[in-house]
Each structure stands twice: as structure tokens, then as C-alpha cells.
**Student:** 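Here it is: the structure, laid out below.
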Amino acid sequence: MTEETRTRFDLDQNEIPRFWYNISADSPVPPAPVFDPATREPVTLEALLKLFPMPLIEQEVTTDRFVPIPDGVREVYKLYRPTPLLRARRLERELQTPAHIYYKYEGASPAGSHKLNTALAQAYYNKISGTKAMTTETGAGQWGSALAMAGKMFGIEVEVYMVNASYQGKPYRRVLMQTYGAQIYPSPSDRTKAGRSFRAQNPNHPGSLGIAISEAVEVAVESGGKKKYGLGSVLNHVLLHQTVIGEEALKQMDLAGEYPDVVIGCVGGGSNFGGIAFPFLRGNLREGRQTRFLAVEPTATPSLTRGVYGFDFGDSAGLVPILKMYTLGSDFIPDPIHAGGLRYHGMSPLVSALYHAGLIDAVAVGQREVFEAALQFTRTEGILPAPESAHAIRAAIDQAIDAREKGEKRVILFNLSGHGFLDLAAYDQYLHNGMQNGSVAESQLDGLAERLPKVKLE
Ligand SMILES: *Cc1c(COP(=O)(O)O)cnc(C)c1O
């Protein structure tokens, strides 16, 4: 086959990376302290150990540039890694753009998204640390199904608090999690103090990611060490595990004989974006490359483009350590857009710090334009994207159109974080009933900075 017609750039199984990449080693921004929500003092190791096993806490704070991927994790990665890198030739032709568009396809994982990359690592480290069960939250169900599968792979029980509105309205991911053998509870539930307090306000509470996190954390903290908590995004160790995406993509772009001018990912908590972007950002920080990085968020939860940068809670009840991040406030209730995985009020501290330092850019897009892009992609490339991933597609198409208008050859790489087979109800709505763009009224953000929790700095 000539280079001209090559569409897929595949790596061999033995080329699955042996290391995750830790951007903290090269980031010019020193890490911000993390605070205990109860004392507002810097968080103690003892408090963190109630939530996470020691190896994950070490990964949260390490400054080592490369962290070895254990053989036990690589063995299960072999079920779906290396994931494909494809060139979107048909999309390029339809757009009549001189740009080259590449995408990394994380929907190839058994659970359907990139989330398995960290779920497997977290289940593995919990197993070797003696944890019996893991608790977690899930919104639309992508993270819950990834952890449910990972739990089975390593013999850990998994208990999932699922946002009530999704539990009722999106049954199929619940069924998938139950098929993997996990216990699923609609949140707010009556199993926790946090859940009961929200149910007292409203017995049919629709729930939120922030409330579900509070429940999962409470169960872990109260378990006397038997259960630990797993978070699917935001934290440093989660982004670390996701860099397996970008490390593979680096080698695959090399196979394609190109290097990206712009790397794009959608952002909810920032993990799939960090996963594809950080290994290329290393090229900027250490090798003088000049790649641009574009984080794409929904107009319904524009934490980077409209939030404030400060210390905030990660959950609604204020049980999770306080992190420095771009945030819309932990009591922010977003419009009910279909990209459930992007409806989080905060943003990973690593992505937040790099954005604040001007090393990455961000853009917010409306969900109508996102579904328009999703359809164009499905009809040219054949893959039905998750609504979350379609945010990245929107931005990639906009980049390709911009390149056409400027007559530039631009190499675009985006992460296709998951497939949309369990999101067909959203497509049905777009195709037959139209769709609203999510938005945030200026009044929702009034006095935001003053409402954030006060921490004891120095
Ligand atoms: C959860 C999810 C996201 C958003 O989470 P990040 O941590 O920002 O990556 C994006 N895409 C898919 C398919 C998801 O499941």
C-alpha cells in the first residue's frame, strides 16, 4: 500500500507503552496544595488513605517523569490496546480541506471509552493493596461501566452510585454495569447521610454527579478500610494513566510520517484531553515543538472559558479534598445536555494550571453544532461517536475549515474518547425532535469567586 492510501496506523501488541507520562515533571507550574474539606488545612496522608490505596496516592504527588505500567495492567490492556489511530480521509474530502485529520479511537475499549485505561490501573493497585471493594459515582454510566469491568478483571467488588436521572432515563449502561456484576444504586440513595439529606429536600431528587460523589466517598470513609473510592477523572493519577493514549499516538503519528500542529480533546474533568495532549506537550516543553492544544467544553458547563480559578470542593456535600481548579462552583446545576460526561462543575488541577499558564487553549461549543459534527463524522467515517467525543470532532472540523479558508496545510489530531451506541436516544432526539444548546446565565456566575470555600493558605 502506498502512503497515499493509508488510513490506519496500527501498533503491535508489544508496543503498548511500558510507562505512563507525568506532566508534573516538566510543567513550569508548581502543583497547588490540596486541602481537607473538614479542617481547611492541607490534607493529611491519613485522610487520603481512607479514600485511596498508597500506590495511587504516591502517583498523585510523584514528580518522576515516567511511571512504569505494571505487567498486570499491561496484560489486560492487551484486550484492546494499542487502540487504532486513523486518518479521516473521507471527512477531509467532504470538507475540501488541505488539512490532515487524524483521530485516536478509544471507543475500541470493551467498555466503550478511554475510562478503562484508568479503571484497570485503579482496580489493580487496590487489589495489590488489599482493598475488597471500590465505591464510585457515575453520571451517564461510562465510568461506572469501566470500573465494573475492571473490578471483575482484578477480583474487586464494585458499588456504583448512579445519578438518579440517568438511572431512570438511561437504563442500558445500568444493565451493562450489572452484567459486569456491579451493585448499582440510584443517587441520592438512602444508604448514606449525604443521600438522605438530599432526599429529605426532594424525594424524587434527579441527583447530580456532585451528590453521587459525596455518597460514594462517604461509604468508603465509613467502611473502616475495606472499601476504597475510585474517581474517573480530575485527579493527577487518573490523567497519568490516560497518557497511554498520547504515548501510543506519538508512535502512530510517526508511522504516518507527520506531527500534529494542533491536538484536540473534549473536557469534562480533563482526563482524555490530558491523556492525548500531555505526551505531545512534552514535545513543546522539552523539544521546542510548537503544537497547539485545544480543550473543548460544552457551553452548558464552560468551566475553563467562564469559570474562576480557585480552590473548590469536588462534590456537593464537601467531603472530597479541596482542589485548585477552574470551577463553576460545586453547587452549579448545568443544563441537561446529552454529553453527561462533560457536566462537571470543575476541571482537573493539571489542565487548569496549564490553561492558566497559557500553555493550552480552550473553546466552548453548543450541543446543536456538536451533533451536526457527529452526524457529519458518522456519515463519512462510519463511527458513531459518544456525544462527549463529538465536542472534539466539532473543534477538529472547525480547525479543518479554518485551514481551508487560510489555504494552510494543518495536521490535526483529536481524541475520539468513546463510541455512542448507548447514546442513540440522544441521536433520536437530534434527528427527530431538534435540540437546544446548553447555556449559562451570567447571573448563575455572580459572586462565584466569593462563594468558593476559604482555605488556610500558609
Ligand atoms: C467521561 C467521558 C468524557 C469526559 O471525561 P474526561 O475526564 O474529561 O475525559 C469524555 N468522553 C467520554 C466518552 C467519556 O465517557
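Just so you know, ligand 1 is whichever comes first in the structure, and atom 1 is the first atom listed for that ligand.
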**Student:** Of the protein's non-hydrogen atoms, which lies at the shortest distance from atom 4 (C) of ligand 1, and what is that distance?
**Tutor:** G341 O, 3.4 Å
**Student:** Consider every N or O of A386 and every N or O of ligand 1, then say whether any pair is closer than 3.5 Å.
**Tutor:** no
**Student:** In terms of residue, atom name and distance, what is the protein heavy atom nearest to atom 8 (O) of ligand 1?
**Tutor:** G268 N, 2.7 Å
**Student:** What pairs with F278 under ring-ring contact (aromatic ring centres under 6.0 Å, His included), at least two apart in sequence or on another chain?
**Tutor:** none
**Student:** Between E381 and R90 (side chain of the first, backbone of the second, donor and acceptor by atom type, cut-off under 3.5 Å), is there such a pair?
**Tutor:** yes
**Student:** For Q142, take its heavy atoms, then give the atoms of ligand 1 lying under 4.0 Å from any of them.
**Tutor:** 13 (C), 15 (O)
**Student:** Any idea how Y77 and W20 line up, ring-wise: parallel (<30°), tilted (30 to 60°), or perpendicular (>60°)?
**Tutor:** perpendicular
**Student:** Please list, in number order, the atoms of ligand 1 under 4.0 Å from a heavy atom of L342.
**Tutor:** 4 (C)
**Student:** Tell me which protein heavy atom sits closest to atom 3 (C) of ligand 1, plus the residue, atom name and distance to 0.1 Å.
**Tutor:** K115 NZ, 3.5 Å
**Student:** Would you mind running through ligand 1 and noting each atom that sits below 4.0 Å from a heavy atom of E388?
**Tutor:** 10 (C), 11 (N), 12 (C)
**Student:** Near H114, which atoms of ligand 1 are under 4.0 Å from a heavy atom of that residue?
**Tutor:** 2 (C), 3 (C), 9 (O), 10 (C), 11 (N), 12 (C), 14 (C)
**Student:** For ligand 1, is Q242 a contact, meaning one of its heavy atoms is under 4.0 Å away?
**Tutor:** no
**Student:** Is G269 in polar range of ligand 1, meaning some N or O pair under 3.5 Å apart?
**Tutor:** yes
**Student:** If you measure from atom 6 (P) of ligand 1 to every heavy atom of G274, S417, S389, S271, which option wins on shortest distance?
**Tutor:** S271
**Student:** So that I know where these two stand, are H237 and F52 an aromatic pair - ring centroids less than 6.0 Å apart?
**Tutor:** yes
**Student:** Please enumerate all residues that pass ring-ring contact (aromatic ring centres under 6.0 Å, His included) together with Y124, with sequence neighbours excluded.
**Tutor:** F154
**Student:** On the 0 to 90° scale, with breaks at 30° and 60°, tag the Y21-F66 ring pair as parallel, tilted or perpendicular.
**Tutor:** tilted
**Student:** Mark up the atoms of ligand 1 that fall under 4.0 Å of a heavy atom belonging to G418, in ascending order.
**Tutor:** 13 (C)
**Student:** Measure the distance from atom 7 (O) of ligand 1 to every protein heavy atom, then report the residue, atom name and distance (to 0.1 Å) of the closest one.
**Tutor:** S233 OG, 2.5 Å
**Student:** Please assess L384 against H419 for the test side-chain contact (heavy atoms from CB on, under 4.5 Å), listing each intermediate value before the final yes or no.
**Tutor:** CA-CA 6 Å; L384 181 88; H419 70 64; 5.9 Å; no
**Student:** Of all the atoms in ligand 1, which lie at a distance below 4.0 Å from a heavy atom belonging to V267?
**Tutor:** 8 (O)
**Student:** For the pair E388 and R343, find out whether any cationic side-chain nitrogen is under 4.0 Å from an anionic carboxylate oxygen.
**Tutor:** no
**Student:** Determine whether more than 12 heavy atoms belonging to other residues, nucleotides or ligands lie under 6.0 Å from atom CD of Q436.
**Tutor:** no
